[in-house]
Amino acid sequence: MQKTNNTVDLEFDQQHVWHPYTSTLNPLPCYPVVSANGVYLQLEDGREIIDGMSSWWSTIHGYNHPALTEAAKAQLDKMSHVMFGGITHQPAVELCRKLVAITPPPLQHVFLADSGSVAVEVALKMALQYWHARGEPRAKFLTVKHGYHGDTFAAMSVTDPDNSMHSLYKGFLPEHIFAQSPEGGFFEPWQESDIDDFRHQLEQQHRNVAAVIIEPIVQGAGGMRIYHPTFLKRVRQLCDEYGILLIADEIATGFGRTGKLFACEHAGISPDIMCVGKALTGGYMTLSATLTSSHVANTVCGGEAGCFMHGPTFMGNPLACAVANASLDILAQGHWQHQVKAIEKQLAESLPEIEVLDKVKAVRWLGAIGVVELHEPVEMASIQETFVDSGVWIRPFGTLVYIMPPFIINQQQLSQLTSAIMLALK
Ligand SMILES: *Cc1c(COP(=O)(O)O)cnc(C)c1O
């Protein structure tokens, strides 16, 4: 039976609509959201809950931000899309100018793409074409365990083998090299031995390695691990030593989340290729970008193909670019620095209070990211309900309960998030 009013047909949803990483056999209930404003999601039943996830790292300025909404509306009246092959437009040119200006200086060329995973595909393809053009084809990537780079095949091949179930796709998925992930936390003293395995892998295999790909400072969906900046510094030094490209996947960490505009800045390094996505449009639209140096770009284009071999249909979508420009303008005002600092300070005070609970293995934080790691995996449906009943939206995975709220969250709203975690784990 077709519903005639505007309520979400949850039965149809359960029977026909696939949500991320869900089963058709045993679909978990979903919460219908009808609108969102500031840090709040409004549920269909009228309840308003605080979004602790920023819709997966993206909604940094909060929902329905006047400047972002205005930018989208203004662009919609001009054109929502036009092909990017042989055509250019002001929103894309302005966006690329801004990205070149705010990212590390060597990054001078911008490839706009549709999602984070595609930005990673593009980065890996650039590295492969780079070595091909140099007459020295290489097909291996070196990364660290517990990483996450997306759900498409090449991205998945460099994502943690266990988390992304490489065994399911064995035979089809390319096999790459995984070094031990960094052990030392961001605020712990640096141990030089932390880089030993990575160095060893590179020593052994560098002749086959096209590039190293790594999430700078914070490993996101692969384990919410926050590591020491010196690890990243050493990775850069080793890549230089062996003449290997370094790809920084800043898709989760970019645009202020860790307290620096880009997490690479914690280590003072520049990558050869950098991927951004998630918060690029302030959570309004899907858009990503892969940036690289003139050396890499020109080497790629001087090769047999004579160009970089990629071009998505919706590349440089003007609507998405217009919103991204508005989001970067907000960041340029600089309030994010104080906001993220205040969030970090409050997390540093409240998370240790949660750490004392029996169920809790460890807590960690950096910038506007707070993580509670448990000894045992959570029971998803019930903890989700507990959170919603406490007025918050927090979506754990496995043993990890974590928050990365919009930067605009205030002290009382952030307390509500951490108190809800405390309550749920008690
Ligand atoms: C989310 C994420 C991706 C994938 O981005 P999608 O937009 O989901 O395809 C890649 N790398 C990192 C570090 C991410 O956090």
Side-chain angles (χ1 to χ4, degrees), residues 18-22 53-60 103 111-127 141 143-161 163-165 176 178 181-182 211-227 231-232 235 246-258 260-264 266 271 273-291 310 312 314-315 317 320 323-324 327 366-369 371 395-398 400 402-405:
W18 236 321
H19 288 268
Y21 290 95
T22 51
M53 311 303 292
S54 297
S55 279
W56 279 334
W57 312 85
S58 65
T59 322
I60 51 177
T103 52
F111 191 97
L112 297 169
D114 353 38
S115 72
S117 300
V118 174
V120 170
E121 300 283 326
V122 163
L124 300 176
K125 283 175 73 171
M126 278 179 186
F141 292 96
T143 185
V144 289
K145 291 178 184 171
H146 297 288
Y148 177 78
H149 298 287
D151 288 353
T152 52
F153 270 98
M156 200 166 40
S157 73
V158 287
T159 286
D160 188 83
N163 278 311
S164 62
M165 307 271 179
H176 295 302
F178 291 86
S181 41
V212 166
I213 180 167
I214 193 164
E215 294 156 277
I217 309 299
V218 180
Q219 295 188 285
M224 297 301 299
R225 298 160 64 99
I226 303 172
Y227 64 84
F231 189 93
L232 190 57
V235 166
L246 174 59
I247 303 169
D249 180 348
E250 291 257 11
I251 292 166
T253 50
F255 307 110
R257 178 58 64 183
T258 67
K260 301 278 187 192
L261 197 52
F262 296 99
C264 281
H266 287 289
I273 301 176
M274 181 162 135
C275 304
V276 296
K278 288 200 162 99
L280 176 57
T281 66
Y284 266 55
M285 314 265 306
T286 177
L287 183 69
S288 66
T290 306
L291 293 98
H310 206 89
F314 284 95
M315 182 166 177
N317 176 255
V323 186
S327 176
L366 182 69
I369 307 166
V371 185
R395 189 159 171 84
F397 67 83
L400 297 164
Y402 62 106
I403 52 175
M404 58 286 200

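In listed order, ligands and their atoms are each counted from 1. Keep in mind the model is a prediction, meaning the values are calculated, not measured. One is the number of the first residue; the rest follow in order along the sequence.
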Give the contacting part of W57 toward ligand 1: side chain, backbone, both or neither, where contact means a heavy-atom distance below 4.0 Å.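 Neither part.
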Is the closest N or O pair between K278 and ligand 1 shorter than 3.5 Å?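 Among all N and O atoms of K278, at least one is under 3.5 Å from an N or O of ligand 1.
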G116 N/O under 3.5 Å from ligand 1 N/O: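 The answer is yes, given that G116 and ligand 1 share an N or O pair closer than 3.5 Å.
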Any idea which heavy atoms bring Q219 and P182 closest together, and the distance? OE1-CD, 4.3 Å
Any chance you could measure I369, atom CD1, to T253, atom OG1, to the nearest 0.5 Å? 7.5 Å
Give, for atom CD of E121 and atom OG1 of T152, the distance between the pair rounded to the nearest 0.5 Å.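 Between atom CD of E121 and atom OG1 of T152 there are 3.5 Å.
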Run the side-chain donor-acceptor check on residues 274-282: report pairs under 3.5 Å with partners two or more places apart or on a different chain.
residue : atom : partner : partner atom : Å
T281    : OG1  : Y284    : N            : 3.2
T281    : OG1  : M285    : N            : 3.0
T281    : OG1  : M285    : O            : 2.7

Run the numbers for me: atoms of ligand 1, each under 4.0 Å from some heavy atom of [X], listed by number.
{"X": "H149", "result": "10 (C), 11 (N)"}
{"X": "D249", "result": "10 (C), 11 (N), 12 (C), 13 (C)"}
{"X": "S115", "result": "7 (O), 9 (O)"}

Residue selection (non-hydrogen contact nearest atom 8 (O) of ligand 1) among S117, G147, A252: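 Among S117, G147, A252, the closest heavy atom to atom 8 (O) of ligand 1 belongs to S117.
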Side chains of H266 and T258: do they bring a donor and an acceptor to under 3.5 Å? yes
For the residue pair F255 and F262, is the inter-centroid distance of their aromatic rings smaller than 6.0 Å?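 Ring centres of F262 and F255 closer than 6.0 Å.
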